[in-house]
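Here the structure is laid out as structure tokens; the discussion comes afterwards.
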Amino acid sequence: MKPPTVTFCLAGLLACGFASAQDKPMDAPLKSEPFGEIDGHAVTLHTLTNKNRLQARIMDYGGVVVSLRVPDREGKLADVVLGFDTVAEYPEKSQYFGCITGRYANRIAKGKFSLDGKEYTLATNNEPNHLHGGVKGFNQYVWKGTAMETADGPALKLVWSSPDGDEGYPGKLDCEVTYTLTQGNALRIDYKAVTDKPTVLNLTNHSYWNLSGEGSATVLDHELTILADRYTPVDETSIPTGEVAPVEGTPLDFRKPTVVGARIGEDHGQLKNGLGYDHNYVFKNVRDGKMIHMATLRDPKSGRIMDVDSTEPAIQFYTGNFLDGRTGKGGKPYAHRSALCLETQTFPDSPNRPSFPSPVLRPGQTYETTTIYTFSAK
Ligand code: GLA
């Protein structure tokens with residue numbers, strides 16, 4: 001007769017850690033915990049887990065997506081966004097990693113615009129232009145976060161009220177951004193805002209993606225499709241020239257799946273002005289609320305795929321040209337072009353370009369946009 005202890009021990013070993021990750025008990029759909037503090041304000045980290053074990057960790061400081069774990073073709077999870085282990089590193093080292101970018105994401109030429117005949121002056125924090133909302137943008141405030149379960153999946157609602165005159169922009173702007181980690185394996189971001197005076201706005205999320213896992217050496221081996229026929233060429237300060245040009249015949253054409261690094265070194269004026277890809281791809285000329293499939297990013301090594309759909313008129317494709325090897329999570333160096341951004345938005349410098357989609361929001365109107373990043377693998 002077999003000693004009963006053998007069976008007992010095996011069962012015990014399996015139960016306490018020898019089982020595969022897939023067999024581990026599920027994390028709760030929502031968890032909120034302290035994540036240090038910033039400028040004397042307590043910061044909370046919210047963990048959203050869906051039924052397929054995808055997991056997003058989002059903090060209320062800047063609405064930053066700190067990590068996002070998605071499976072590869074074998075079901076192995078990896079964190080696909082750049083970030084830091086502590087909140088204190090964000091103001092010091094972050095290049096807008098994972099944040100809600102506002103009040104106006106992207107650039108406004110020379111930090112000036114006119115609205116209803118009145119001129120406004122903003123900080124030129126990216127000489128000679130205004131960038132991503134100014135010196136203290138929406139990424140540098142602790143928003144009010146409420147984690148909740150919804151029919152679509154675990155969600156985090158973040159609320160922030162930007163006062164009239166904040167960073168030089170007119171109007172008190174009440175913003176609400178909701179992240180939902182859907183049971184269909186998407187990170188959906190719903191943006192809403194109302195104002196008490198006419199103003200301009202352009203909200204986006206500035207996650208840096210590497211589908212091989214953050215800290216991997218490069219993103220130049222990823223394959224990208226951007227289904228736009230046109231883009232807005234820029235000058236050497238990354239301000240649109242005003243032209244809306246065809247991508248056809250240029251290294252900016254990603255209408256067919258193309259390896260990101262295949263043409264990045266080509267001798268092309270736009271790649272020089274952007275120091276690589278840092279361009280706005282055009283889908284439509286209005287904020288009309290209609291959802292469009294914009295882009296697909298695929299990592300051939302892991303098989304991870306990310307689809308981007310949005311109601312926005314455009315998307316900024318940026319190849320991490322300013323990443324410089326400074327370290328991120330787990331002390332991993334974030335090398336030049338080791339991640340890329342796909343920022344859904346209205347066009348850069350729209351406040352100064354009447355031919356671009358209007359970025360104006362007036363009292364009584366509600367700004368509403370949605371962007372969906374959907375994950376799969378094959
Ligand atoms: C955006 C801009 C880039 C750069 C990054 C942040 O994507 O288009 O030029 O400023 O943000 O470093």
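Below, all heavy atoms of this structure are taken into account, side chains as well, without hydrogens, waters or symmetry copies. Remember, it's 1-based here, ligands and their atoms both numbered in the order they're listed.
Between the side chains of Lys301 and Ser212, a donor-acceptor pair is found at a separation under 3.5 Å.
Between Asp278 and ligand 1, a contact under 3.5 Å exists for at least one N or O pair. Considering both main-chain and side-chain atoms, Arg107 comes within under 3.5 Å of ligand 1 through a nitrogen or oxygen pair.
Asn321 is linked by a side-chain hydrogen bond (donor to acceptor under 3.5 Å, both in side chains) to Thr319, Arg337, counting only residues two or more places apart in sequence or in another chain.
The ring of Trp143 has its center no closer than 6.0 angstrom to the ring center of Tyr61.
The protein atom (non-hydrogen) at minimum distance from atom 7 (O) of ligand 1 is Glu343 OE2, 2.7 Å.
Proximity of Lys157 to Glu176: side-chain heavy atoms (C-beta onward) are separated by under 4.5 Å at one or more points.
Within the structure, the ring pair (Phe, Tyr, Trp, His ring centres under 6.0 Å) test picks out no pair touching residues 28-54 (sequence neighbours left out).
The distance from ligand 1 to the heavy atoms of Leu131 drops below 4.0 Å at these ligand atoms: 10 (O). Of all atoms in ligand 1, numbered sequentially from 1 with element shown, those under 4.0 Å from a heavy atom of Gln316 are 8 (O).
Residue contact check for ligand 1: Tyr208 places a non-hydrogen atom closer than 4.0 Å to it.
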